[in-house]
Amino acid sequence: MSPTTATIAEAAYAFFSHARFARAMSILVIATALGTHLLRSVVGVAGLTAIVVSELVLCGLMLIARRRVVRWNAFLPISLAVFIAWCTVSYFWSYYPKASLVGIASQLSFAVLALAISSTRDTIQLIRAIGDVLRVFLATSLTLEIFAGVLIDGPIEFLGIRGNLVNGEGIQGVFGSRNAFMLVSLIALVTFIIEWRTKSVTREVAGWSVLGAALCVLLAASPVGFVTALVVVVVAALLFALRKMEPSVRRGTEIAAASAAGLGLIVAWALRGSILEALSSSEVLQYRLSLWSEELRLAAMKPLEGWGWVGLWPRKTQPFTVMNSGSGDIHNSGLNIYLDAWLQVGIVGLALLLILLGFAFARSWSLATSKKSEIYLWSPLVLSLLLVSGLAESTALTEWGWFFVVLIVARSSAELSWRRTKD
């Protein structure tokens, strides 16, 4: 190797292995994941694809430069690898192979990006990066909503902003729908409270951030979001109570809480007919029931293996056009992560997804109740938001929702992996 080549190689190694580059990449990757709707609206699918590919290359170079400090034995959780592998091999029996290739590429891309920043940043650094990005996105959303709803009194069509700020029908921000905006705002609220509790930012920044996120939650006016928020408040209260208990008492309380939750689910399932009848006047529920009925009908045709992984639904591809026509509207997802997973990758894929989410929740819950630092509360609370909202949205299966799932899976696995213990 010539002296010039050696100098360039050393400079490149120093650049890609530097902590500042890792921080910049974490912010850039998180911003891209959360901004998929915005980027797709502004630069198109081709532009978004180019950005993601560029980030994959940069993350690859970063991992190569930091290969001596990355814990490769715990880099990829086994449960995550198995679920992704099943989604990938579903291409071979997919009813829509071209669409499956796109969906698999998207799933793998966001998973790799999440794994890359998870392996190079610790939990508090990730929370800080997520908080910084969310502040910008929420501020941008409110600014655009004020512009649309007050100044021009009309929609911003290409961003999907309807200008509903004044009439109270729920705002979308730069996330495409009020449900997505509500979920992002709830994640932001959790993140900002963790920042405040851990003194990661100044009191003024934390205070204004919490108030801004709470305002966004209210302005989103999403029934799905409000129900999700209520459930997660209960989860948060239980976590804070458990953290103050002695280990012996904590275990019994956890068993009692899990039993109560299980009993509640059994009762709800037994009374599902009466519950649905009582809520049948809701347009939001009717809208979903029609779609879920079509999903169940089609999933029953290929119950074991599913129709093939696709992620976001391609609107001009069968059988999604059938479901959209049957429900009377156009959807890009199944509006339920569990039914959506069953439809696309069958009962096997759904079981693998539940195992993946179950391990992640159990590990993050264990860390949150046993570790002293409150940073460990972030993972179970955000995962709870994604899982509960998953009963009425499929956000956790694609793009930024999937990115957060992989991030939580990777961080909880890195902290409690048996491979780390063995190492």
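Looking at residues two or more places apart in sequence or on another chain, you find a side chain to side chain contact (heavy atoms under 4.5 Å, CB included) between W86 and V89, W93, V345, V348, L352.
Of all heavy-atom pairs spanning S394 and N336, the tightest one is OG-N, 3.0 Å. Across every non-hydrogen atom of L381 and V235, the tightest pair is CD2-CG1, 4.1 Å. Contact detail for V217 and S185: the closest heavy-atom pair is CG2-CB, 3.7 Å. Contact between I27 and V133 at its shortest, heavy atoms only, is O-CG2, 3.7 Å. Nearest heavy atom pair, residue L353 against residue A341, reads CD2-CB, 3.8 Å. Here the closest non-hydrogen pair linking L134 and F192 is CB-CZ, 4.0 Å.
Under the salt bridge (charged side-chain N to carboxylate O under 4.0 Å, His left out) criterion, the residue pairs touching residues 191-201 are R128-E195, R135-E195, R197-E374, with sequence neighbours excluded. Among residue pairs with one or both ends in residues 358-400, those qualifying as ring-ring contact (aromatic ring centres under 6.0 Å, His included) are F361-W365; sequence neighbours excluded. Every pair passing salt bridge (charged side-chain N to carboxylate O under 4.0 Å, His left out) that includes a residue from residues 17-32 is listed here, sequence neighbours excluded: R23-D132. The salt bridge (charged side-chain N to carboxylate O under 4.0 Å, His left out) pairs that include a residue from residues 34-51 are R40-E399, where partners are two or more places apart or lie in different chains. Pairs passing the ring-ring contact (aromatic ring centres under 6.0 Å, His included) check and including a residue from residues 205-244, sequence neighbours excluded, do not occur.
Using a 4.5 Å heavy-atom threshold, the side chains of S333 and D340 count as touching. Looking only at side-chain heavy atoms (C-beta outward), C59 and V112 stay at 4.5 Å or farther from each other. Contact of the L63 side chain with the S119 side chain is registered, since non-hydrogen atoms from C-beta on lie closer than 4.5 Å. Residues E295 and W342 fail the side-chain proximity criterion, which asks for heavy atoms closer than 4.5 Å. Annotation: side chain of Y95 is not in contact with side chain of T317 (no heavy-atom distance under 4.5 Å). The shortest side-chain heavy-atom distance between L138 and F181 falls under the 4.5 Å cut-off. Between S106 and T398 the shortest side-chain heavy-atom distance does not fall below 4.5 Å. Side-chain atoms of L142 and L219, non-hydrogen and from C-beta on, do get closer than 4.5 Å to each other.
Checking side-chain atoms of R243 against main-chain N and O of K371 turns up a donor-acceptor pair under 3.5 Å. H37 contributes a side-chain N or O that, together with a main-chain N or O of L159, makes up a donor-acceptor pair within less than 3.5 Å. Side-chain N or O atoms of W309 include none that pairs as donor or acceptor with a backbone N or O of L101 at under 3.5 Å. In this structure, W196 contributes its side chain and G207 its backbone to no donor-acceptor pair below 3.5 Å. With S90 contributing its side chain and C87 its backbone, the two residues share a donor-acceptor pair below 3.5 Å. Panel note: side chain Q344, backbone G311; a donor-acceptor pair is recorded below 3.5 Å. Side chain of S413 to main chain of A410: no donor-acceptor pair is present (N/O by atom type, distance under 3.5 Å, no hydrogens or angles). Looking only at distances, a side-chain donor or acceptor of W402 sits under 3.5 Å from a matching main-chain atom of Q107. Panel note: side chain T369, backbone S366; a donor-acceptor pair is recorded below 3.5 Å. With hydrogens and angles disregarded, no donor-acceptor distance shorter than 3.5 Å links the side chain of T395 to the backbone of G401.
The line from CG of L289 to CG of L335 is 11.0 Å long, rounded to the nearest 0.5 Å. Interatomic distance, CD1 of I124 versus CD1 of I375, reported as 5.5 Å (0.5 Å rounding). Between atom OG of residue S41 and atom CD1 of residue I161 there is a gap of 9.0 Å, rounded to the nearest 0.5 Å. Summarising the geometry, atom OG belonging to S26 is positioned 6.0 Å from atom CD1 belonging to I117; distances are rounded to the nearest 0.5 Å. With rounding to the nearest 0.5 Å, the separation of CD1 in I104 from OG in S109 is 11.5 Å. Rounded to the nearest 0.5 angstrom, S177 OG and R162 CZ are separated by 8.5 Å.
Between E294 and R297 there is a salt bridge, since a side-chain N of the basic residue sits under 4.0 Å from a carboxylate O of the acidic one.
The local environment of OH in Y338 is crowded, with over 12 non-hydrogen atoms from other residues, nucleotides or ligands closer than 6.0 Å.
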Original post:
Given the rule in the side chain to side chain contact (heavy atoms under 4.5 Å, CB included) test, do L407 and I130 qualify, once you have shown the distances and angles that lead to the verdict?
Top reply: CA-CA 11 Å; L407 198 62; I130 292 169; 3.9 Å; yes
**OP:** Test side chain to side chain contact (heavy atoms under 4.5 Å, CB included) on L34 and F404 and set out the steps.
**Re:** CA-CA 10 Å; L34 283 169; F404 274 111; 3.7 Å; yes
Original post:
Does the pair M62 and T120 meet the rule for a side chain to side chain contact (heavy atoms under 4.5 Å, CB included), with working shown?
Top reply: CA-CA 9 Å; M62 178 180 66; T120 55; 3.7 Å; yes
**OP:** Please assess V201 against S209 for the test side chain to side chain contact (heavy atoms under 4.5 Å, CB included), listing each intermediate value before the final yes or no.
**Re:** CA-CA 10 Å; V201 295; S209 298; over 6 Å; no
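Counted by atom type alone, S364 and S379 present zero donor-acceptor pairs between their side chains at under 3.5 Å. Residues T32 and E55 have side chains that bring a donor and an acceptor to within less than 3.5 angstrom of each other.
Ring geometry for Y96 versus F320: interplanar angle of 30 to 60°, hence tilted. The aromatic rings of F403 and F110 sit perpendicular to each other, their planes meeting at more than 60°, with 30° as the lower class boundary.
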